[in-house]
Structures are given as structure tokens and as C-alpha cells.
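Chain identifiers are assigned alphabetically (A, B, ...) following the order of the sequence lines, protein sequences preceding nucleic acid strands; residue numbering begins at 1 within each chain.
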Amino acid sequence: MLFLRPMAIVQQIQADVKAAINGLYPDTTAAESFQINQTKPEFEGDYTIVLFGLVKLLKKSPDQLGKEIGDRLIEQSEGRISAYNIIKGFLNLVVSDNYWVGFLESQYKNSSYGNHSPNGQKVMVEYSSPNTNKPLHLGHLRNNFLGWSIASILEASGYEVIKSCIVNDRGIHICKSMIAWQRFADGATPATTGQKGDHFVGEYYVKFNDAYKAELDQLMASGLSKEEAEKEAPIMKAAQQMLVDWEAGDPTVISLWKKMNSWVYAGFDETYKRIGSNFEIVYYESNTYLLGKKTVQEGLEKGVFTQKEDGSVWIDLTADGLDEKLVQRRDGTSVYITQDIGLAQQKYEEYKIDQSIYVVGDEQNYHFKVLKLIAEKLGLPKADGIYHLSYGMVELPTGKMKSREGTVVDADDLVDEMVAIAEQHTRELGKVEGFTGEELKSLYDTIGLGALKFYLLRVDPKKRMVFNPEESIDFHGYTGPFVQYSYARTKSILRKSALPEDLSKLSLQIAGATLLPLEREMVVSLEQFPTIIEQAAKEHSPSSVANYIYNLAKTFNSFLTELSVIRAESEEKRQLRLAIAVMTSNTISSGMKLLGIRVPEKM
RNA sequence: GGUCCGGUAGCUCAGUUGAAUAGAGCAACUGCCUUCUAAGCAGUAGGUCAUUGGUUUGAAUCCAAUCCGGAUCACCA
């Protein structure tokens with residue numbers, strides 16, 4: 001079935017008003033200087049033209065100008081505008097019932113409503129980026145949810161999306177876990193201890209730090225300074241030696257490294273599966289850490305980089321307000337930024353992507369600014385398509401999470417806790433009847449994870465946020481479960497009205513209907529969904545989707561309280577409201593999907 | 001110190017391409033379940049939009065300065 005999506009009504013009105021002004025005042029640029037807003041609820045109308053800019057330019061009174069434009073719109077908008085009123089320089093336009101009903105009729109069966117047609121652009125979203133020395137924590141959850149959501153939003157707005165992940169699987173931190181395991185594990189494995197692999201390996205990372213601290217204390221007690229002790233501590237030396245051996249390809253070290261990483265990956269897989277993250281391509285730093293060296297040579301030849309006497313290679317970014325940045329060490333090895341440039345090139349070569357989005361915390365703002373600048377200066381293809389989706393740290397009421405102080409909120413634990421709270425609430429409300437045990441388990445997962453995802457996504461990414469495990473996660477008000485509940489209510493109505501499950505089999509008669517205020521509010525809101533998706537994609541902002549879906553759900557709840565659907569006052573109203581319920585159901589489900597949140601049939 | 005980000009109700013946050021009386025949720029208080037799920041709805045109360053100055057017919061929004069908080073400026077990643 002083909003659903004031609006009409007132009008968004010805001011844009012349509014904008015074009016109509018422009019045409020009206022150009023018709024009235026052909027020799028001016030006035031048609032460019034007005035604003036259009038959604039009309040405030042206390043006034044009559046759907047959209048409002050702010051006249052002040054025009055008033056100034058055309059030297060007319062707002063009332064006179066408003067009347068001229070309003071009359072012309074009614075005449076020439078092909079029936080879209082049915083009435084208007086002017087209050088203090090605001091021209092409030094009433095969009096006709098006919099338009100709204102026509103819109104509803106054309107879209108209520110459209111299961112992919114809101115999705116834009118392919119735009120031919122390819123974008124890669126890199127997110128998650130775990131280290132293999134410890135399990136995922138709350139901060140990773142914000143990252144994963146953001147990455148998944150922005151990928152879905154871009155997909156819905158017409159991009160071809162490739163999700164990727166770079167795993168930091170090498171380096172001194174992994175060696176620390178390895179050394180600790182060699183010394184303290186006595187052959188234990190996740191299988192023998194019954195632990196999840198990432199947690200198991202993380203424990204040895206902690207054990208390393210404990211042992212290191214003990215050595216430091218001892219060395220300092222014997223008279224060494226803190227700096228000397230840090231240099232001399234045998235366990236740290238062992239870890240550093242192990243890193244050297246790893247780079248040299250020492251078979252025992254490599255084999256231990258592979259073994260421990262495989263435990264971690266098994267653990268990660270479980271977590272990813274649970275929280276709903278996945279990737280089309282996974283990059284490993286052990287494969288990419290040597291990338292970029294060739295680029296350094298090319299950059300030197302192009303004169304983008306300069307080499308100092310000691311052999312180190314730099315780029316001078318002071319003209320761009322930044323500093324000088326090292327891109328290759330004296331000893332010829334590459335640094336972090338160099339690998340990233342190399343990987344950026346590789347991504348482009350492999351996938352011919354137009355945009356490359358990095359979901360990474362805001363502590364790396366500077367790094368990505370530099371990365372993009374270097375890519376631009378090197379003239380790499382699509383360098384301007386590099387975008388750092390930066391997000392703020394998640395803090396606890398007690399302050400920052402610190403692994404050393406054991407105040408890190410573990411991702412698996414948190415998800416378990418959320419699901420347990422969902423179960424507890426559901427039981428307290430007595431809403432467990434009519435479900436099988438399996439269904440209940442899945443319902444608790446849906447609600448618990450929904451609450452968590454919604455909570456982390458509803459906030460503007462770039463803001464730091466406080467996570468209060470006791471109070472912050474609520475199941476009422478502006479939350480995931482509220483939206484899920486609203487969805488369940490739409491489904492309940494659709495079940496009881498005995499409509500066919502298959503949307504294409506629906507044939508509701510709604511043409512010519514008139515709209516009550518809440519019916520109108522619903523349709524107005526539904527009509528905005530495609531625009532919201534477009535805007536969320538442009539601004540890389542899942543929070544605007546969360547905000548929109550919440551408001552839609554909220555309006556629907558008011559609608560249900562005020563108006564009966566199944567027992568409507570007339571058959572005409574019943575059909576109209578069913579169409580609204582069908583489309584709302586659809587839109588909530590699609591919107592939540594963009595946030596990576598499932599919706600329940602019943603709750 | 002340089003650069004960047006943030007500061008809106010008791011708390012958590014929307015609103016920041018300038019526009020009508022600054023909006024939600026939580027917490028507090030009032031009502032509403034013989035009526036499609038009360039995880040809901042309706043309402044009350046709660047604000048010097050960090051401060052000061054400027055631009056403008058109009059500023060939470062733009063500009064400048066100041067204060068507070070954070071990040072960053074490694075031959076770490």
C-alpha cells in the first residue's frame with residue numbers, strides 16, 4: 001500500500017502565507033520576515049503567524065495586515081485555512097477540520113508513518129566502545145542507548161546506517177587484569193566460579209590495583225617517595241613488561257590475552273543482548289592501533305605536519321584557536337589521535353560513508369575537534385561529515401562514579417534492579433492476571449528497561465545528569481512506563497472494538513467528520529511526528545523524540561478520559577476515534593522504537 | 001591561565017533560529033474508579049530564567065562583563 005505523505009502542515013502554511021504576502025505586496029521582501037508558531041492553547045487556532053516583523057516592514061497596523069493575510073488565506077489555501085483571529089499582533093490560523101480529517105484518513109493505516117524515504121546518504125554511528133578489563137557501567141548505558149537511538153532516528157529519516165563499535169582490547173589496563181589473574185586466580189575461570197566473564201576479569205583488575213597499592217605502601221614505608229614507589233612497584237613493572245611482550249607477539253602472553261578477552265566478550269554479548277545493542281561491524285584496537293602511520297607520512301609531504309629535530313611529528317593548530325598536537329612519537333609509534341585518523345580513513349574506504357558519528361563522552365570534546373580539523377587539513381574525503389555526539393557524565397547523588405572507591409553502578413546490576421522494581425510495582429497493582437509466567441517475565445523486562453532507557457534518553461545528551469537510584473527512577477509521569485501504559489490502553493481499545501489486526505484490512509468511514517477539541521489536539525499532534533523525526537536527526541537528539549512521544553501519550557490519556565471511543569455518541573464518532581486510536585498506537589510504538597524501547601500489549 | 005560546555009520551581013528536566021501570562025514530571029495539597037486499564041485524569045500551590053549592563057517595538061533566548069559548577073589543554077587512551 002502506498003502512503004503519500006503530504007507536506008507538513010507547518011510548511012504548507014508557511015508557503016501559503018508567503019504566497020499571500022507576495023500577492024498582496026509583490027515589490028517587497030516581506031514574505032521572508034514572519035515567524036510561525038504553534039498556537040498557545042488559550043487561544044483559538046492551530047498555528048500562529050507573528051506579525052511584528054511584517055508590521056514594521058510594511059508600515060501597516062497588525063489588525064489591518066492580519067485581516068488582509070487572513071482573508072487571502074481563506075480564499076487561496078485550497079481549504080486548508082478555515083478561520084482566523086487576530087490578537088495583539090498574532091494572527092491565529094484555524095486549520096480546517098476537512099484538512100485534519102483528510103490527513104488522518106490518508107495516514108492512519110500507515111504502519112511506517114513518520115519514516116522518510118531513503119535519501120541516498122550513508123552514515124556510520126560508532127558507539128559503546130568498551131574496554132575489555134571491566135564490565136559495563138551506568139555511563140556505558142547512556143552511551144549505548146544514545147548510540148542505538150540516534151542510529152534508529154537517522155534510519156527513520158532516510159539514511160542508510162551502519163552501527164559500529166571500537167573495542168579497546170589492548171593496552172596496559174588489560175595487562176593489569178592478566179597479571180593479577182596469573183598471580184591470584186589459581187586457574188579459576190568464569191566457568192569454575194559461575195561468574196559472568198566481564199565481571200570475572202574486572203575482579204582481577206581490582207585485585208591488581210589492591211596489590212599495587214599494597215606494594216606502594218610498603219615501598220613508601222621503606223623510605224621511597226610516592227613517585228619513586230610508583231616507578232618501582234614490581235607488579236606495575238610486570239604489567240608494563242607484559243605489554244612489551246604483547247607487542248612483540250609473545251605466544252604465552254597472546255594466548256592468555258585471547259583467553260581473557262574471550263571471557264569478557266561472552267559477558268558483553270549477554271549484556272548487549274539484554275539491553276538491545278548490536279553492531280554491523282566491530283573494530284578491535286589490537287588491529288587498528290598501528291593505523292595512521294602512512295597518513296603521517298603523507299601529511300608531512302603535504303606540509304600539514306611538521307617534524308621536529310627529535311623525530312616527533314606535530315600539527316600546529318594555534319591558528320584555529322587550539323594548540324600544537326603531537327601525531328607521532330619520537331620513537332616513530334603513533335598516538336591515539338593518529339589511530340583515529342587511520343580508522344576514520346579505513347571506515348570511509350570500506351563503506352564510502354557520507355557521515356561518521358562518534359558517540360563519545362564530553363571529556364573528549366577537544367580530541368574530536370582536533371580529529372576533525374586534522375582530517376579537514378589532510379583533505380580526507382567527507383571530513384566535514386565527522387560529528388562528535390558528545391554526552392555528559394552520569395553522576396550519582398554522592399558525586400562522580402569512581403571505580404577505585406567502588407561507587408560505580410554496574411550496568412547488569414542496574415538492569416536487574418530496574419526489572420525487579422517493575423515486577424514489584426506490577427504485583428502491587430495486581431496487574432499480573434491473564435499473563436503466563438513467560439509473558440510476565442518479558443513484561444518486567446520491557447517495563448524495567450523501558451524506564452531506564454527513557455530516563456537516560458529524555459535528557460539533552462550534552463548535559464551532565466544526576467542518577468539517583470532511589471528516587472530518580474519513577475514509573476509515573478514523564479517516564480517510559482507512562483508511555484508504555486498509554487500504548488497498552490490503545491491496544492486494549494483496539495482489541496475490544498474487534499478491529500482486524502492487519503491494518504490494511506481496516507476501512508473506517510471518517511470522511512467529512514468534524515472534530516472536538518481533544519480529537520483535534522490528537523490529530524494535530526500526530527501530524528507532527530515526521531517533522532519531529534527530521535528535527536531529531538538533524539539535531540542528533542533522541543530527547544526531542546522522548547519529549548514528543550510523552551506529550552502524545554499524555555494528550556491521548558486526556559482524550560480517553562473525556563471521550564468514549566467504543567461507546568461513542570454516534571457511529572461516525574466511533575469510527576473517527578478508532579482511527580485516532582489506531583494511529584496513536586502506531587505512532588507511540590514507532591516513536592518508542594526510535595528510543596530502543598519495547599511496548600507491551602497489556603500492562 | 002587559554003578553550004569549550006552548563007546554571008530555568010524544593011528536586012529532575014523542557015523551552016535557547018527573539019514574540020502572547022516562562023512549561024512538564026517528582027515531592028506537597030484538593031477532587032475523580034457501578035463507565036474502553038487510576039502505572040490514569042482534572043485542579044491548587046510553587047519562578048529575581050546565576051548576576052549586572054547592552055541591543056530591540058519585544059530577551060530565559062542575541063552581545064559584553066562578572067560569579068558558580070564541569071570538562072579539556074599529555075611523546076595517556
J.: Any base atoms under 4.0 Å from A/Met393, or only sugar-phosphate, or nothing? Heavy atoms, all strands.
T.: nothing
J.: Using a 4.0 Å heavy-atom cut-off, does A/Phe482 contact any base of the nucleic acid, only the sugar-phosphate backbone, or nothing at all?
T.: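 Contact class for A/Phe482: sugar-phosphate only.
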J.: With syn defined as a glycosidic torsion within 90 degrees of 0 and anti otherwise, which applies to B/C33?
T.: syn
J.: Answer yes or no: side-chain N or O of A/Thr48 and base N or O of B/A20 forming a donor-acceptor pair under 3.5 Å.
T.: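 Yes.
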J.: Check if the side chain of A/Thr426 and the base of B/A39 share a donor-acceptor pair of N or O atoms closer than 3.5 Å.
T.: yes
J.: If you look at every strand shown and take non-hydrogen atoms under 4.0 Å, does A/Asn168 touch a base, only sugar-phosphate, or nothing?
T.: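 Since only primed, P, OP1 and OP2 atoms lie under 4.0 Å of A/Asn168, the category is sugar-phosphate.
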J.: Between A/Ser525 and A/Tyr548, what is the shortest heavy-atom contact and its length?
T.: O-OH, 2.6 Å
J.: Please list, chain by chain and in numerical order, all residues satisfying ring-ring contact (aromatic ring centres under 6.0 Å, His included) with A/Phe435, sequence neighbours excluded.
T.: none
J.: Watson-Crick or G-U wobble partner for B/A74, using a 3.5 Å limit on both distances?
T.: none
J.: Toward the 5' end of RNA chain B, which comes first, A/Lys369 or A/His476, by nearest nucleotide?
T.: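 Its nearest nucleotide lies further toward 5', so the answer is A/Lys369.
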J.: How would you label the contact of A/Arg567 with the nucleic acid (heavy atoms, under 4.0 Å): base, sugar-phosphate, or nothing?
T.: sugar-phosphate
J.: Do the side chain of A/Lys554 and the base of B/A24 come within less than 3.5 angstrom through a donor-acceptor pair of N or O atoms?
T.: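 No.
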J.: What distance, rounded to whole Å, do you find between the two C1' atoms, one in B/C13 and one in B/C33?
T.: 31 Å
J.: Could you report the tightest heavy-atom contact between A/Phe34 and A/Gln14, atom names first, then the distance?
T.: CZ-O, 3.7 Å
J.: Closer than 4.0 Å, any side-chain N/O of A/Arg329 to the OP1 or OP2 of B/C76?
T.: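 Yes, A/Arg329 has a side-chain N/O under 4.0 Å of OP1/OP2 on B/C76.
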J.: For a quick check of understanding: with a heavy-atom distance under 4.0 Å over all strands, which category does A/Ile49 fall into, base, sugar-phosphate or nothing?
T.: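 It contacts nothing in the nucleic acid.
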J.: Closer than 4.0 Å, any side-chain N/O of A/Lys463 to the OP1 or OP2 of B/G6?
T.: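 Answer is no, no contact under 4.0 Å.
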J.: In whole Å, what separates the C1' atom of B/G15 from that of B/G7?
T.: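 Those two atoms are separated by 15 Å.
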J.: Using atom P in both nucleotides, what's the gap between B/A28 and B/U61 to the nearest angstrom?
T.: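 Per the computed distance, 34 Å lies between those P atoms.
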J.: Could you check which of B/A20, B/C36, B/C26 has an atom nearest any side-chain atom of A/Lys496?
T.: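 Looking only at side-chain atoms, A/Lys496 lies closest to B/C36.
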J.: Any base atoms under 4.0 Å from A/Val459, or only sugar-phosphate, or nothing? Heavy atoms, all strands.
T.: sugar-phosphate
J.: So what's B/A28 paired with, Watson-Crick or G-U wobble, going by both distances under 3.5 Å?
T.: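 When the pairing criteria are applied, B/U44 turns out to be the nucleotide that pairs with B/A28.
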J.: Could you tell me the Watson-Crick or G-U partner of B/A64, where both distances fall under 3.5 Å? Say none if there is no partner.
T.: B/U52
J.: Side-chain donor-acceptor pair under 3.5 Å between A/Tyr47 and A/Asn37, yes or no?
T.: no
J.: For A/Met465 and B/C13, what is the distance between atoms CE and P respectively, to the nearest whole Å?
T.: 6 Å
J.: Which is true for A/Ile172 with a 4.0 Å heavy-atom rule: it touches a base, it touches only sugar-phosphate, or it touches nothing?
T.: nothing
J.: A/Thr338 side chain to A/Val327 main-chain N or O, any donor-acceptor pair under 3.5 Å?
T.: yes
J.: Take atom CD of A/Gln328 and atom P of B/A77, then tell me their distance rounded to the nearest Å.
T.: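 The distance from CD of A/Gln328 to P of B/A77 comes to 13 Å, rounded to the nearest Å.
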J.: For A/Phe43, report the nucleic acid contact type (base, sugar-phosphate, nothing); a contact means any heavy atom under 4.0 Å.
T.: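 Touches a base.
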J.: Using OP1 and OP2 only, check whether a side-chain N or O of A/Arg464 sits under 4.0 Å from B/C13.
T.: no
J.: Using the closest heavy atom to pick a nucleotide of RNA chain B for each, name whichever of A/Pro461 or A/His425 lands nearer the 5' end.
T.: A/Pro461
J.: If we count only N and O atoms by modelled type, under 3.5 Å, do the side chains of A/Asn261 and A/Asp169 hold a donor and an acceptor together?
T.: no
J.: Drop me the distance from A/Lys573's NZ to A/Leu578's CG, to the nearest 0.5 angstrom.
T.: 12.5 Å
J.: Could you tell me how far apart A/Glu42 (CD) and B/A22 (C1') are, to the nearest whole angstrom?
T.: 12 Å
J.: Report which part of the nucleic acid A/Tyr366 touches: base, sugar-phosphate, or nothing (heavy-atom distance under 4.0 Å, all strands).
T.: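 The residue A/Tyr366 makes sugar-phosphate contact but no base contact.
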J.: Counting just side-chain N and O atoms, does A/Ser390 come under 4.0 Å of either OP1 or OP2 of B/C5?
T.: no
J.: Under 4.0 Å between any heavy atoms, over every strand shown, what does A/Gln35 touch: base, sugar-phosphate, or nothing? Just pick one.
T.: base
J.: When you measure only distances, ignoring hydrogens and angles, does the side chain of A/Asp310 come within 3.5 Å of the base of B/C75 through a donor and an acceptor?
T.: yes
J.: When rounded to the nearest Å, what value does the distance between C1' atoms of B/A9 and B/A50 take?
T.: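 Here B/A9 and B/A50 have their C1' atoms 15 Å from each other.
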J.: Whole angstrom is fine here: how far is it from OH in A/Tyr391 over to P in B/G6?
T.: 18 Å
J.: Examine the base of B/A20 for any acceptor or donor lying under 3.5 Å from a partner atom in the side chain of A/Asn92, and report the outcome as yes or no.
T.: yes
J.: At 4.0 Å (heavy atoms only), tell me whether A/Ser558 reaches a base, stays on the sugar-phosphate, or touches nothing.
T.: sugar-phosphate
J.: Applying a 3.5 Å limit to both distances, which nucleotide forms a Watson-Crick or G-U wobble pair with B/C33?
T.: none
J.: Just checking A/Leu560: base, sugar-phosphate only, or nothing, at a heavy-atom cut-off of under 4.0 Å?
T.: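 Base, at least one base heavy atom under 4.0 Å.
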J.: Only one of A/Lys463, A/Lys462, A/Arg458 clears salt bridge (charged side-chain N to carboxylate O under 4.0 Å, His left out) with A/Asp460; which?
T.: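 Among A/Lys463, A/Lys462, A/Arg458, the one that satisfies the salt bridge (charged side-chain N to carboxylate O under 4.0 Å, His left out) with A/Asp460 is A/Lys462.
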J.: Quick one: which of B/G25, B/A77, B/C73 gets closest to the side chain of A/Tyr478?
T.: B/G25
